[in-house]
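Just follow the structure's listing: the first ligand is 1, and inside any ligand the first atom is 1. A quick note: this is a predicted structure, and the numbers were derived from the prediction, not measured.
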Amino acid sequence: MKVLITRKLPGEPEKLLKKNGFKVSVYKEDKAIPRGEFLEKIKDADAVLSLLTEKIDKEAIDNFSKCKIVANCAVGYNNIDIAYAKERKLIVTNTPYVLTDATADLTVALILACVRRLREGEQMMRENKFDGWKPNMLLGFDLKGKTVGIIGAGRIGRATARRLKGFGVKIIYFDRKKRDEFETEFLSTRVNLKELMKQSDIISVHLPLSKETHHIINKENLSLMKKSAIIVNTSRGDILEEKALIRLLKQKKIFAAGFDVYENEPNINPDLRTLENVFLLPHIGSATVETRAAMALLAANNIINVLNGKEPITPV
Ligand code: DGY
């Protein structure tokens, strides 16, 4: 049986798949496989190990003639038309669990970068503008005693809260369901989104992207943020109405924002590059050697299971 891997990945999932008797074809270049080539190659694939850069929409799914599983090498699966996949009895898997810690680590890095103004400090050093210690230079704010609002208290939200707890913060959360374990672990209260935006000093976004969460953080609720507050997003760009946030940042109506994800990746809004109070990263939440290898191998193991007639490990 044939497996298509759409990019060379850490962890060498092709080796594992070959060891299990599959014919593997890997798109060798380190860029998204061109759409035409993708649509052609999937025609005779029994399984596809895909990335978030491949749009697996109706057109792509209709091109599968015998594909049983799309193993997306990401926890997010907004690149896949899940409803249509279900209709066509196509199994879709993602890679939860293995990237939780790496993404939470990066979220904390973004938070610290924003509250301690690391970008401005780093730039000052590179531009040779540091002319000595000054008591009023680049003042940020303490985390201790502040209120953190976690939007989406699932695995990554929870791992982020766990890390932040060590800084002595109070944690509140917004989630569509009540999370008892989260509340017990962090002595936390569930609030509605408006309350969270109003009360928080640090807001961290951890929602999956869906029709319901698209622009859930928008002009109206962003305008409720404190002038001294920051917001960071390591989930998906489209959850946040970027233009509205940029407006607030320009007018200095909030302290700062940290982005790992954007509405129109990789073509980010050029205004972001000009703002002093933003910290920008290129969607690297899960980018560690260990995590990316674990994601690729989990995706490969999902394929091995399904093509051997077993249950997938992490079905969507
Ligand atoms: C994911 O897993 O959804 C990330 O965005 C890519 O690692």
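- By the criterion of a heavy-atom distance under 4.0 Å, the side chain of Leu52, and not its backbone, is placed next to ligand 1.
- For Gln199 and Thr147, the side-chain atoms include no donor-acceptor pair closer than 3.5 Å.
- Under 3.5 Å, the side chains of His214 and Glu263 contain no donor-acceptor pair of N or O atoms.
- Looking only at atom types and distance, the side chain of Arg119 has a donor-acceptor partner in the side chain of Gln123 under 3.5 Å away.
- A donor-acceptor contact shorter than 3.5 Å is absent between the side chain of Asn221 and the backbone of Lys194.
- Using a 4.0 Å cut-off between charged nitrogen and carboxylate oxygen, Arg7 and Asp30 count as a salt-bridge pair.
- Below 4.0 Å from some heavy atom of Gly76 lie the following atoms of ligand 1, by number and element: 1 (C), 2 (O), 3 (O).
- A salt bridge does not link Arg190 with Asp175: every distance from a Lys NZ or Arg NE/NH1/NH2 to an Asp or Glu carboxylate oxygen is 4.0 Å or more.
- Under 4.0 angstrom from ligand 1, there are no non-hydrogen atoms of Asn94.
- Counting the atoms of ligand 1 from 1 in the order shown, those under 4.0 Å from a heavy atom of Leu99 are 2 (O).
- Using a 4.0 Å cut-off to heavy atoms of Ser286, the atoms of ligand 1 that qualify are 6 (C), 7 (O).
- In terms of protein heavy-atom proximity, atom 3 (O) of ligand 1 is closest to Arg236 NH2, 2.7 Å.
- At a threshold of 4.0 Å, the pair Arg163-Asp101 counts as salt-bridged, since one of the basic side-chain nitrogens sits closer than that to a carboxylate oxygen.
- Of all the atoms in ligand 1, the ones that sit under 4.0 Å from a non-hydrogen atom of Ala74 are 1 (C), 2 (O), 3 (O).
- From the protein, the heavy atom lying nearest to atom 4 (C) of ligand 1 is His283 NE2, 3.7 Å.
- Looking only at heavy atoms of the protein, atom 2 (O) of ligand 1 is closest to Val75 N, 2.7 Å.
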